[in-house]
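Have a look at the structure below, then the notes.
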Amino acid sequence: METGYNPEKLVYGYRKLAHGKARASAIRYAINQADINNDIPYMVFFREELCYESSWFVDELDVVTVFPELLSLSDRYPDIKCTRFQPGNNIQADILDMYGHLLDACLSFYQISFEDCINFYNDYKKRLVASGHSPREAYHTFMEFYLETGHMENARKFLKKTNAIPPSQYDCVACSTVTEIKYYLLNNEKEKADKLAEKIKDGTLRCKGSLSDSLLRLKQQYLKYYILHGNYDKAAEEAYILERSGSEAKVHNRWASFMCAYASQKPGRGLRIYKKHWKDWEDENDQYERYYAFKDAACFFRYIKKDKETIKFDAGKMFPLYNESCVYSTEELCNYYYKGAEDTAKKFDKRNGTDKFINELVLSFANAGF
């Protein structure tokens, strides 16, 4: 090994940095040093660290580059020893847990080809089964992917596959049930969705642990459904609950949905949310989240423009429609966000080979009319 290489010192060094680009850059340097010294355990560990940092704090799209390197190393060296910084003793289990970040990226970025997405999902299933798990969770993730990309027939097929296999101790029945509810809502079978939803609401089905994330996910699906169909009174009820659910509202980036949901009952509250969060949506790197933020903003401004022709706020020169008067037409704002959502929708639909995103935009916008 090269003189002076000390992987533990590298770890302590980058962990002193705040999460973000600087820390990610330091981890990349650590990867380079481990590679130069052919330090297999740390070559794996540092890539795990970068996947985590990129997923949560920098750019989830980076995972598409780094994670396949991690998979390749684990295949070449199946008996890799864990470092002292890894709490478990099974690298393959760590990789399965981390695979979710890559699958999330497939939903979040149209830049990843549809073929590559399918290959990643198939590889996840292969590794899951090889590790001794049932394929139920893999079928559930496939169903989620096909729902989000607009392939409803394939989603139905994997819904059947999921429900045909008894859940194991590792499966979260509550989460897979919420995905099934999403299927029914997207398929205009709301009665079936409502019947299943009762099992989440009354606690019959809940996520493992002290907090039921499935209940929050359920509320998010109904919030999206009500906005899609222009039922802003019901949407406001869901938004009110979600907005007061603590950090989950921020983690799941639903502020634009809250703004839109309040269009009929609390437009002033909606405008306050807009003035606080518009830059977050402008800077959003996750293209899936950016699409929904822009779609919901367009619908909000379409709804309120009948009563409010202009709004005034000092957003600064970084505001995309900046003018010195700081007075902005709600019509102009509506058009700006619609165009942004439309551009992203077309890119997702082209990647997916469907028209799901543009159809949702058109329907939501039409139902925001008056």
Side-chain angles (χ1 to χ4, degrees), residues 60-61 63-64 67 99-129 134-165 171-173 175-193 196-197 217-218 220-225 227-229 252 286-292 294-296 341-366:
E60 194 175 28
L61 194 56
V63 178
V64 182
F67 192 75
Y99 222 127
H101 293 300
L102 180 60
L103 302 184
D104 284 344
C106 290
L107 295 177
S108 298
F109 296 95
Y110 53 74
Q111 295 93 326
I112 308 172
S113 74
F114 195 83
E115 181 182 4
D116 283 345
C117 291
I118 296 299
N119 288 338
F120 287 138
Y121 276 83
N122 280 323
D123 183 65
Y124 172 69
K125 174 180 175 291
K126 181 187 73 174
R127 292 173 188 274
L128 191 72
V129 172
S134 86
R136 189 177 191 275
E137 175 59 26
Y139 292 151
H140 169 225
T141 60
F142 257 116
M143 177 174 64
E144 184 87 29
F145 176 73
Y146 283 125
L147 278 177
E148 292 292 356
T149 55
H151 294 269
M152 295 301 292
E153 184 56 34
N154 281 335
R156 185 184 66 82
K157 180 176 73 173
F158 279 98
L159 171 60
K160 288 185 176 181
K161 284 177 174 286
T162 302
N163 289 341
I165 300 176
D171 297 319
C172 181
V173 179
C175 286
S176 61
T177 300
V178 171
T179 304
E180 183 173 355
I181 290 167
K182 181 197 293 189
Y183 169 82
Y184 291 131
L185 290 176
L186 288 173
N187 210 40
N188 293 317
E189 297 180 272
K190 188 171 179 295
E191 288 187 6
K192 289 184 178 180
L196 269 182
R217 291 184 62 234
L218 177 71
Q220 289 162 9
Q221 295 309 318
Y222 273 91
L223 174 60
K224 185 180 289 187
Y225 174 83
I227 289 175
L228 185 66
H229 293 278
H252 293 286
D286 185 314
Q287 296 302 301
Y288 177 92
E289 297 291 355
R290 182 180 175 86
Y291 163 75
Y292 279 103
F294 274 52
K295 177 185 78 69
D296 291 346
E342 183 180 47
D343 288 345
T344 306
K346 288 178 179 178
K347 291 172 182 176
F348 268 114
D349 286 342
K350 182 179 180 180
R351 192 279 300 263
N352 298 333
T354 63
D355 54 8
K356 174 184 182 286
F357 281 80
I358 200 69
N359 282 347
E360 285 192 352
L361 173 61
V362 170
L363 181 59
S364 291
F365 198 68

Legend entry - Approximate separation, where rounding is to 0.5 Å, of Ile227 CD1 and Asp296 CG: 4.5 Å

Legend entry - Step-by-step side chain to side chain donor-acceptor pair (under 3.5 Å) determination, Gln287 to Tyr291: CA-CA 6 Å; Gln287 296 302 301; Tyr291 163 75; over 6 Å; no

Inset, instruction - Could you tell me which non-hydrogen atom of Cys175 sits nearest to which non-hydrogen atom of His140, and how far apart they are? - result: O-NE2, 3.8 Å

Inset, instruction - For the pair Lys347 and Asp343, find out whether any cationic side-chain nitrogen is under 4.0 Å from an anionic carboxylate oxygen. - result: no

Legend entry - side chain to side chain contact (heavy atoms under 4.5 Å, CB included) assessment of Thr179 paired with Arg217: CA-CA 9 Å; Thr179 304; Arg217 291 184 62 234; 3.6 Å; yes

Inset, instruction - Could you grab the distance from atom CG of Asn119 to atom CG of Asp123, nearest 0.5 Å is fine? - result: 8.5 Å

Legend entry - Heavy-atom check, side chain of Phe294 versus side chain of Leu361, under 4.5 Å: no

Inset, instruction - For the residue pair Phe158 and Tyr139, categorise the inter-ring angle as parallel (less than 30°), tilted (30 to 60°) or perpendicular (more than 60°). - result: tilted

Inset, instruction - Output yes when a side-chain donor or acceptor of Arg351 lies under 3.5 Å from a complementary backbone atom of Phe109, and no otherwise. - result: yes

Legend entry - Between CE on residue Met152 and OG1 on residue Thr149, distance to nearest 0.5 Å: 10.0 Å

Inset, instruction - Evaluate ring-ring contact (aromatic ring centres under 6.0 Å, His included) for Tyr124 paired with Phe120, printing each intermediate quantity in order. - result: CA-CA 6 Å; Tyr124 172 69; Phe120 287 138; over 10 Å; no

Inset, instruction - Keeping the roles fixed (side chain from Arg136, backbone from Thr162), state whether a donor-acceptor pair exists under 3.5 Å. - result: yes

Inset, instruction - Might you work through the side chain to side chain contact (heavy atoms under 4.5 Å, CB included) test for Tyr121 and Thr141, ending with a clear yes or no? - result: CA-CA 8 Å; Tyr121 276 83; Thr141 60; 3.9 Å; yes

Inset, instruction - Kindly give the heavy-atom pair with the smallest separation between Ser108 and Phe348, and that separation in Å. - result: O-CZ, 3.5 Å

Legend entry - Point-to-point distance, once rounded to the nearest 0.5 Å, from CZ of Phe365 to CD of Glu342: 10.0 Å

Legend entry - Main-chain N/O of Leu159 paired with Tyr183 side-chain donor or acceptor, under 3.5 Å: no

Inset, instruction - Please examine the side chains of Tyr110 and Asn352, heavy atoms only from C-beta on, and report whether any two atoms are closer than 4.5 Å. - result: no

Legend entry - Lys157 vs Phe142 side-chain heavy atoms within contact, under 4.5 Å: no

Inset, instruction - For the residue pair Leu186 and Glu360, establish whether any side-chain heavy-atom pair is separated by less than 4.5 Å. - result: yes

Legend entry - Nearest atoms (heavy-atom pairs only) where Ile165 meets Ser134: CG2-OG, 4.1 Å

Inset, instruction - Please determine if Asp349 and Lys346 form a salt bridge, counting it only when a charged side-chain N lies under 4.0 Å from a carboxylate O. - result: no

Legend entry - Where Leu128 and Ala138 come nearest, the two heavy atoms and their spacing: CD2-N, 3.8 Å

Inset, instruction - Could you tell me the separation between the CD atom of Glu153 and the CG atom of Asn187, rounded to the nearest 0.5 Å? - result: 9.5 Å

Inset, instruction - Rounded to the nearest 0.5 Å, what's the gap from CZ on Phe67 to NE2 on His101? Could you check? - result: 9.0 Å

Legend entry - Side chain to side chain, Lys224 and Lys182, heavy atoms closer than 4.5 Å: no

Inset, instruction - Taking all heavy atoms of Tyr146 and all of Ala155, pick out the closest pair and write down the distance. - result: CB-N, 3.7 Å

Legend entry - Flag side-chain contact, heavy atom, 4.5 Å: Glu144 against Leu107: yes

Inset, instruction - Examine distances only and state if a side-chain atom of Ser176 and a backbone atom of Val173 form a donor-acceptor pair shorter than 3.5 Å. - result: yes

Inset, instruction - Decide yes or no for Tyr222 and Ile181: does some side-chain heavy atom of the first lie under 4.5 Å from some side-chain heavy atom of the second? - result: yes

Inset, instruction - Answer whether the closest heavy-atom distance between the side chains of Tyr225 and Lys190 falls below 4.5 Å. - result: yes

Inset, instruction - Indicate the atoms forming the closest heavy-atom contact of Ala105 with Ile112, along with that distance. - result: O-CD1, 3.4 Å

Inset, instruction - Using the salt bridge (charged side-chain N to carboxylate O under 4.0 Å, His left out) rule, collect all pairs that involve residues 104-117, keeping only residues at least two apart or in two chains. - result: none

Inset, instruction - Check whether more than 12 heavy atoms from other residues, nucleotides or ligands sit under 6.0 Å from atom NZ of Lys356, and answer yes or no. - result: yes

